[in-house]
Every structure is written in structure tokens, then in C-alpha cells.
Amino acid sequence: MFGIPGKQAVTMTDAAAKQIAKLMTKDGTQGLRIGVKKGGCAGMEYTMDYVDAVDPHDEVVEQDGARVMIAPMAQMFLFGTEIDYEVSLLESGFKFKNPNVVDACGCGESIKFADMDAPNLQS
């Protein structure tokens with residue numbers, strides 16, 4: 001939908017691709033759908049949901065056995081994002097390095113984009 005020919009909408013680090021592929025095998029899903037929704041102190045939050053079937057309108061990114069689908073209304077906000085998976089002493093989880101973010105809350109759970117007037121951002 002918002003893609004550039006020859007360029008993936010999002011990229012995954014090796015760690016993220018490995019973790020997503022592991023989750024897909026464990027839970028028998030088709031992949032993870034990534035989106036954004038209104039919420040959090042900065043205005044927007046990322047969403048990640050298991051997917052049993054690929055929606056024909058989703059942007060699909062595959063790498064090393066991992067599959068990520070991007071919800072149609074989130075594609076313009078996520079284009080150019082790198083998805084990483086980090087493990088530390090206190091926590092582990094997916095991290096988004098998104099060039100479209102103009103601000104984030106202190107805890108890093110919510111984000112703000114330059115244009116917050118897009119309709120229906122629920123993934």
C-alpha cells in the first residue's frame with residue numbers, strides 16, 4: 001500500500017526473526033500482525049497479535065522463516081521501522097526503531113507521530 005518497489009516496509013534483526021519464527025512454530029500461527037492504535041501517554045501504541053490467516057490487504061514481510069504482517073492503516077506509520085528482539089537481565093521483548101516517531105513517553109511504551117489525524121488506527 002505505502003511501499004517502495006524493491007524495499008521491504010519493515011526490517012527485522014536476526015534476533016527478531018529468530019524469535020518470531022520460534023513463536024510461529026510454538027503456537028502454529030501464520031505470523032505476527034503489527035499495527036498501531038491510539039493510547040498511552042504519548043498518544044499511540046504498537047500492537048502485536050498472532051495471526052491464523054493472512055489478510056489480503058496486509059503488507060507481508062518474511063525473513064528466515066519469520067512472517068510479519070502490517071495492518072493496512074498502520075503501514076504509513078511503520079514504513080522504515082526496524083524490529084529487534086532484546087534480552088536483558090530484567091526484561092526481554094520486541095523493540096521498534098521507527099524513523100517516523102517524533103516523540104515517546106519516558107517508559108518507551110507509547111509514541112507520537114507527526115500526523116496524529118489519521119482515521120481508525122486500530123489494527
Side-chain angles (χ1 to χ4, degrees):
M1 182 177 230
F2 291 97
I4 295 174
K7 182 173 169 82
Q8 290 187 331
V10 298
T11 58
M12 294 177 262
T13 63
D14 290 339
K18 182 178 178 181
Q19 182 65 20
I20 292 169
K22 180 180 172 183
L23 291 171
M24 288 172 59
T25 302
K26 176 183 170 190
D27 295 320
T29 64
Q30 293 294 311
L32 294 177
R33 180 173 290 120
I34 299 173
V36 293
K37 68 177 183 176
K38 291 184 180 186
C41 53
M44 303 290 288
E45 297 174 322
Y46 292 110
T47 62
M48 292 186 85
D49 298 300
Y50 292 109
V51 176
D52 292 325
V54 178
D55 184 303
H57 299 291
D58 285 346
E59 180 74 26
V60 178
V61 177
E62 295 180 294
Q63 177 183 320
D64 300 327
R67 184 179 301 119
V68 171
M69 284 71 78
I70 305 170
M73 292 306 296
Q75 291 173 13
M76 66 181 169
F77 294 104
L78 296 176
F79 191 79
T81 298
E82 178 187 69
I83 304 167
D84 193 10
Y85 186 77
E86 297 177 358
V87 178
S88 72
L89 187 60
L90 297 175
E91 66 181 359
S92 62
F94 291 100
K95 304 291 182 187
F96 295 85
K97 296 173 184 161
N98 187 336
N100 306 304
V101 170
V102 296
D103 197 11
C105 68
C107 67
E109 293 296 319
S110 67
I111 50 179
K112 181 179 180 183
F113 298 101
D115 180 21
M116 296 287 291
D117 297 326
N120 189 16
L121 293 175
Q122 184 67 33
S123 63

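Start at 1 with the first residue, then count along the sequence. All values below come from the heavy atoms of this structure, side chains included, with hydrogens, waters and symmetry mates left out. Note that this is a predicted model, so its numbers are computed, not measured.
In this structure, Ile20 CD1 and Glu62 CD are separated by 11.5 Å, a value rounded to the nearest 0.5 Å. Going from atom OG1 of Thr13 over to atom CZ of Phe94 covers 9.0 Å, rounded to the nearest 0.5 Å. Going from atom CG of Leu78 over to atom OH of Tyr46 covers 6.5 Å, rounded to the nearest 0.5 Å. Taking CG of Asp52 as the reference point, atom CD of Gln30 lies at 7.5 Å (rounded to 0.5 Å). Here Leu32 contributes atom CG and Ile83 contributes atom CD1; the two are 8.5 Å apart, rounded to the nearest 0.5 Å. Distance check, rounded to the nearest 0.5 Å: CZ of Arg33 to CG of Asp58 gives 4.0 Å.
Side-chain contact between Leu23 and Gln19: present, with at least one pair of heavy atoms (C-beta onward) separated by less than 4.5 Å. The shortest side-chain heavy-atom distance between Arg67 and Val54 falls under the 4.5 Å cut-off. Counting heavy atoms from C-beta on, the side chains of Ile34 and Val10 never come closer than 4.5 Å.
By the rule that hydrophobic residues join a cluster once side-chain heavy atoms approach within less than 4.5 Å of another member, Ile70 and Met24 end up as members of one cluster. Residues Met69 and Tyr50 are members of separate hydrophobic clusters, defined by side-chain heavy-atom contacts under 4.5 angstrom among Ile, Leu, Val, Met, Phe, Trp and Tyr.
Looking at Asp55, its side chain does come within 3.5 Å of a backbone N or O of His57 through a donor-acceptor pair. With hydrogens and angles disregarded, no donor-acceptor distance shorter than 3.5 Å links the side chain of Glu59 to the backbone of Ala9. A donor-acceptor distance shorter than 3.5 angstrom exists from the side chain of Thr47 to the backbone of Gly35, with no hydrogens or angles considered.
For Glu86, there are no side-chain hydrogen bond (donor to acceptor under 3.5 Å, both in side chains) partners at least two apart in sequence or on another chain.
Nearest heavy atom pair, residue Pro99 against residue Gly80, reads CD-O, 3.4 Å. When all heavy atoms are compared, the tightest approach of Ala66 to Ala21 is CB-N, 3.9 Å. Pairing each heavy atom of Asp14 with each of Gln63, the nearest pair is OD1-NE2, 3.9 Å.
Among residues at least two apart or in separate chains, salt bridge (charged side-chain N to carboxylate O under 4.0 Å, His left out) pairs with a member in residues 68-84 are Glu82-Lys97, Asp84-Lys97.
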